[in-house]
Structure formats: structure tokens, C-alpha cells
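Down below is the structure, laid out as C-alpha cells.
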Amino acid sequence: MSHTIQGFSRLTKDEKIAWLTSNFLPSNTNATQILKQYWNDDQKLQQLHDEFIENTISNYYLPLGIAPNFIINNKSFAIPMAIEESSVVAAASKAAKFWMSRGGFKAEILGTEKIGQVHFTFSGDSKKISAFFEEQKAQIIEDLKPHTESMERRGGGLKSLELVNKTNALEHYYQLHATFETLDAMGANFINTCLEQIAESWQRLYNEKASFKSADQELVVIMSILSNYVPGCVVRAEVSCPVSELSEADGIDPQLFANKFVQAVRIAEVEPYRAVTHNKGIMNGIDAVVLATGNDFRAIEAAAHAYAAKDGNYSSLTHATIEDGIFKFWIEIPLALGTVGGLTKLHPLVKLNLEMLGNPSAPQLMEIIAVAGLAQNFGAVKSLTTTGIQKGHMKMHLMNMLNQFEASEEEKNQAIQHFKTNKVTYSAVGNLITNLRKSAQNA
């Protein structure tokens with residue numbers, strides 16, 4: 001039986017839910033109640049959330065946590081993190097506290113350039129199209145002025161426009177490759193508007209050129225779109241201290257720890273299977289802050305992983321060295337972020353989170369988020385090379401497992417005490433809850 005529908009978007013939210021539950025959740029009598037219990041009681045606030053996307057039926061919650069004790073360029077921060085994975089916030093907080101007494105994190109912007117491209121095909125002589133571009137470049141930029149004037153007054157706008165011959169990669173394929181400065185905006189809408197104007201001018205100017213009008217010299221604009229790969233919009237964050245200061249109360253030899261840590265990072269530099277998981281841990285920290293500040297984590301992920309493969313092999317985004325007794329750990333990562341526009345001025349929690357961070361500029365937010373990724377990676381590699389990743393992670397995951405077993409408050413308290421000295425596994429938690437309930441029945 002078909003469950004297709006026409007005009008779904010025009011239904012009310014209640015009607016959408018009724019259709020959905022009737023056709024795709026017929027045996028779940030609680031489905032409607034589950035969806036509606038996540039609605040906000042404030043109707044105006046709920047409407048705001050409803051209008052972020054299309055066909056909204058409910059809200060999907062993620063926990064919002066805080067990682068305190070970050071010192072970045074000698075300034076103190078409490079960093080908001082929106083994420084569902086256990087131990088991420090704890091690991092970031094622990095790393096922040098570790099480096100708080102060792103000089104904190106240093107961060108600097110290496111570039112803020114964004115990229116967009118007009119993709120087109122041209123079947124004629126490449127020298128002719130190159131000469132034609134140089135003739136018309138000034139006019140294309142002049143046509144763009146109405147779209148860039150406001151951004152230019154603030155110091156941004158189009159920074160360069162070049163013709164790129166890609167016919168060696170794909171027959172007849174060329175680009176108009178543009179670079180932009182978008183200041184505190186992520187800039188996607190601005191860039192795409194500019195690119196579409198550039199494409200329109202380029203096609204019009206070509207069509208007006210009588211000498212080009214022949215069957216074997218056709219120019220066709222394929223598409224105009226920004227690139228989420230931004231190797232010119234990069235931030236560097238680092239920590240460093242004498243190896244001797246890496247010691248803690250856990251009795252781990254600081255030189256051994258530093259040696260193992262550096263070797264672990266080098267393994268991620270040369271082994272893609274390890275690098276993917278290594279970088280995923282970095283993105284645990286980065287994505288959580290990107291989400292909390294209303295930015296596009298999918299774009300950030302895509303750019304980061306492309307950057308990790310920029311030299312031809314997928315590799316670690318972080319690096320570590322020991323030189324002259326100094327341990328240094330750093331990250332360089334592309335981060336195209338915005339602190340104006342989009343959700344940053346609409347979502348109440350996003351606005352609050354940005355205020356919590358001191359209402360940073362886009363470059364300042366790049367520094368904060370890069371530090372979050374570096375801290376996350378430090379915590380992960382430190383655990384891997386000392387106690388093992390599962391000891392801390394499974395302890396943090398304990399509450400999720402107890403909730404899966406629908407443990408009572410008394411059972412949770414007893415489980416927490418029990419697993420202070422015992423290894424946490426799913427089966428161990430299940431066995432403990434079963435035994436506690438048997439004991440309660442027999443009492």
C-alpha cells in the first residue's frame with residue numbers, strides 16, 4: 001500500500017503528526033505523545049524553532065554542557081558544548097584544567113579567506129578564453145559592486161578572481177575561482193549571491209562577443225557555488241611546557257608519557273586507519289562547540305577531513321614534538337565560522353552561548369573552537385597512552401547504561417559505588433541490576 005502524500009508541507013503540525021503516526025507508526029500508541037512532549041510551552045519560542053526548517057513535527061534535544069577552566073591567550077573561558085556522547089565534555093574539562101597551570105592554550109589565525117567557484121565548460125581554444133577573461137575581468141567585478149559594497153565598507157568583499165584551466169582533469173572544464181573575505185559572517189549566502197552574479201556577467205559578456213559565436217566554441221555555465229574546503233581560512237592552536245611539568249599525581253613518568261604521546265600522534269600521521277579515529281576525537285570537541293554556537297558542523301567536518309588529506313594521504317590534524325626538553329602539541333585546522341547571521345541572531349541558546357564566550361568575532365571563535373578540538377585530542381591520546389580509553393569512557397557511560405535498565409535512584413547509587421572499584425561493561429551492569437532486584441525481592 002502506498003503511503004505517499006501530496007501537499008504535506010501545507011498541513012498543520014498536528015495534521016503532519018497524525019498522517020505520520022497513522023502511516024508509519026501505526027502500532028506505537030505513544031508516538032504522538034512522545035513527539036508533543038518535546039514541544040516548548042512558549043508558543044512564540046516554539047514557532048521560532050518550527051520555522052528554522054521545513055515540515056517540523058517536534059524538537060530534538062541534545063544536552064548542552066560546559067567545559068570550564070580554559071585559558072586561551074591568557075583569557076579565561078567556559079566553553080559551551082552540545083553533544084550526546086558520554087565523556088566528551090569531561091575530557092575537554094580535564095584537559096583544560098591540566099593546561100591551566102602550564103600556561104594555557106595559545107591560538108592564532110593563519111588566514112580567513114573563503115572560496116567560491118563558477119564552473120563552466122568551453123569547447124574552444126584555451127588561449128582565446130584566457131585572453132577574453134583578462135579583457136572582461138574588470139567589467140565582471142564592476143557588475144558585482146551592488147552586491148559587495150556593504151561588505152567592502154567593513155573591509156571584506158571579493159579579494160581575487162582568476163580563470164583556472166581544468167581541462168587536464170575533465171574535457172572542456174574551466175573555473176572562475178574567487179576568493180572572499182566575509183568578516184564575522186560565515187558568508188555562504190553572500191558568496192553564492194556574488195558567484196551567481198559573476199556567472200551571469202560572464203555568460204552575458206561571452207554571448208555578446210560575436211567572434212566566439214560558433215558551434216566549436218561554446219561556453220556553458222554549469223553551476224556557481226561556494227566551496228566548503230577553505231585551506232586559506234585556518235587557525236592554529238597549541239600547548240607546550242617542559243617535559244618535566246607533564247607529571248601528575250598518578251605516578252606516570254613524564255618523559256615516558258611524552259615519548260609515548262608523541263609516538264601515538266606520529267602513528268596517526270602515517271596510518272590512515274588510526275588517523276580517521278584520531279581526527280574523529282578532535283571533531284568531538286569541535287563539532288560540540290560548532291553546534292552550541294549555531295554554526296554548520298557538516299561544512300566544518302567536510303573541510304577538516306579534506307585538509308587532513310591535503311598532502312595526498314589522510315593524516316592527523318594534530319602534531320607533537322619534543323625538542324630541547326620542551327613538549328609541544330598543536331593543531332592547524334580550517335574553520336569557516338560566523339558570529340552574525342543565521343541561527344546566531346535567532347536561537348536563544350546560541351545567543352546566550354556566544355555571550356558566554358564574550359560575543360567573539362568570527363576569528364576569535366575560530367581560536368576557541370580549535371582549542372576545544374586540541375583539548376579533546378589531548379585528553380584522548382593521554383588516556384590511550386596511559387590508562388586506556390575505556391576506563392574513563394565507560395565510567396562516564398555508566399549512567400546511560402543504568403537508564404537503559406530503568407534503574408531506580410537507589411539502584412543507581414549502589415551501582416555507582418560498586419563500579420568505583422570494578423570494571424564497567426554492559427553485561428556487568430546488567431548482572432548487577434538483576435542481582436540487586438533479586439536481593440530486594442528476597443528481603
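One is the number of the first residue; the rest follow in order along the sequence. These numbers come from a predicted model, not from an experiment.
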Could you check whether [Y] and [X] have their ring centres less than 6.0 Å apart?
X: Phe52; Y: His347; value: yes
X: Tyr61; Y: Tyr38; value: yes
X: Phe98; Y: Phe378; value: yes

Is it true that [X] and [Y] have a side-chain N and a carboxylate O under 4.0 angstrom from each other?
X: Glu108; Y: Lys106; result: no
X: Glu152; Y: Lys145; result: no
X: Glu181; Y: Lys159; result: no
X: Arg10; Y: Glu15; result: no
X: Lys44; Y: Asp42; result: no
X: Arg154; Y: Asp184; result: no
X: Lys280; Y: Glu85; result: yes
X: Glu409; Y: Lys412; result: yes
X: Lys351; Y: Glu355; result: no

May I have the step-by-step check of side chain to side chain contact (heavy atoms under 4.5 Å, CB included) for Glu411 and Leu402, ending in yes or no? CA-CA 8 Å; Glu411 289 169 343; Leu402 290 171; over 6 Å; no
Count the heavy atoms belonging to other residues, nucleotides or ligands that lie under 6.0 Å from [atom1] of [X], then report whether that count exceeds 12.
X: Gln37; atom1: CD; answer: yes
X: Lys13; atom1: NZ; answer: yes
X: Gln43; atom1: CD; answer: no
X: Lys310; atom1: NZ; answer: yes
X: Lys94; atom1: NZ; answer: no
X: Gln47; atom1: CD; answer: no
X: Glu406; atom1: CD; answer: no
X: Asn431; atom1: CG; answer: yes

Would you say the side chain of [Y] lies within less than 4.5 Å of the side chain of [X], judging by non-hydrogen atoms?
X: His278; Y: Thr318; value: yes
X: Ile72; Y: Ile368; value: yes
X: Phe329; Y: Glu238; value: no
X: Asp287; Y: Val289; value: no
X: Val235; Y: Leu110; value: no
X: Tyr307; Y: Val234; value: yes
X: Val88; Y: Met81; value: yes
X: Tyr229; Y: Ile115; value: no

Shortest non-hydrogen separation from [X] to [Y] and the atoms involved:
X: Ser93; Y: Pro68; answer: OG-CD, 3.4 Å
X: Phe180; Y: Ala178; answer: CE1-CB, 3.5 Å
X: Gly111; Y: Met366; answer: O-CE, 3.9 Å
X: Ala275; Y: Ser316; answer: CB-N, 4.0 Å
X: Val230; Y: Ala303; answer: CG2-CB, 4.3 Å
X: Val270; Y: Pro272; answer: O-CD, 3.5 Å

When rounded to the nearest 0.5 angstrom, what distance separates [atom1] in [X] from [atom2] in [Y]?
X: Leu291; Y: Ile286; atom1: CG; atom2: CD1; value: 12.5 Å
X: Thr293; Y: Leu337; atom1: OG1; atom2: CG; value: 6.5 Å
X: Phe77; Y: Asn69; atom1: CZ; atom2: CG; value: 13.5 Å
X: Ser58; Y: Trp39; atom1: OG; atom2: CH2; value: 7.5 Å
X: Ile198; Y: Gln203; atom1: CD1; atom2: CD; value: 14.0 Å
X: Lys114; Y: Leu183; atom1: NZ; atom2: CG; value: 8.5 Å

Give the intermediate values and the outcome of side chain to side chain contact (heavy atoms under 4.5 Å, CB included) for residues Glu218 and His172. CA-CA 10 Å; Glu218 186 180 17; His172 305 318; over 6 Å; no
Quiz item: cation-pi between Lys166 and Tyr174, 6.0 Å / 45°: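 Not satisfied by the 6.0 Å and 45° rule.
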What do the steps show when you test Glu142 against Gln139 for side chain to side chain donor-acceptor pair (under 3.5 Å), and what is the final call? CA-CA 5 Å; Glu142 182 64 28; Gln139 184 59 55; over 6 Å; no
Test item: side-chain donor near acceptor, [X] and [Y], under 3.5 Å:
X: Glu367; Y: Gln364; value: no
X: Asp50; Y: Gln46; value: yes
X: Gln414; Y: His418; value: no
X: Asn313; Y: Ser315; value: no
X: Thr179; Y: Ser160; value: yes
X: Ser201; Y: Asp143; value: yes
X: Asn279; Y: Tyr314; value: yes
X: Gln117; Y: His177; value: yes

Distance-only, no hydrogens or angles: does the [X] side chain make a donor-acceptor pair with backbone N or O of [Y] under 3.5 Å?
X: Thr182; Y: Ala185; value: yes
X: Asn28; Y: Ala31; value: yes
X: Asn192; Y: Ile225; value: no

Working for side chain to side chain contact (heavy atoms under 4.5 Å, CB included), residues Met356 and Ile66: CA-CA 10 Å; Met356 186 191 310; Ile66 294 296; 3.4 Å; yes
How far apart are the C-alpha atoms of Asn377 and Asn284, what are their side-chain angles, what is the distance that settles it, and do they pass the side chain to side chain contact (heavy atoms under 4.5 Å, CB included) test? CA-CA 9 Å; Asn377 194 223; Asn284 278 344; over 6 Å; no
Angle between ring planes, Trp202 versus Phe133, binned at 30° and 60°: parallel, tilted or perpendicular?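 If you compare the ring of Trp202 with that of Phe133, the planes turn out perpendicular.
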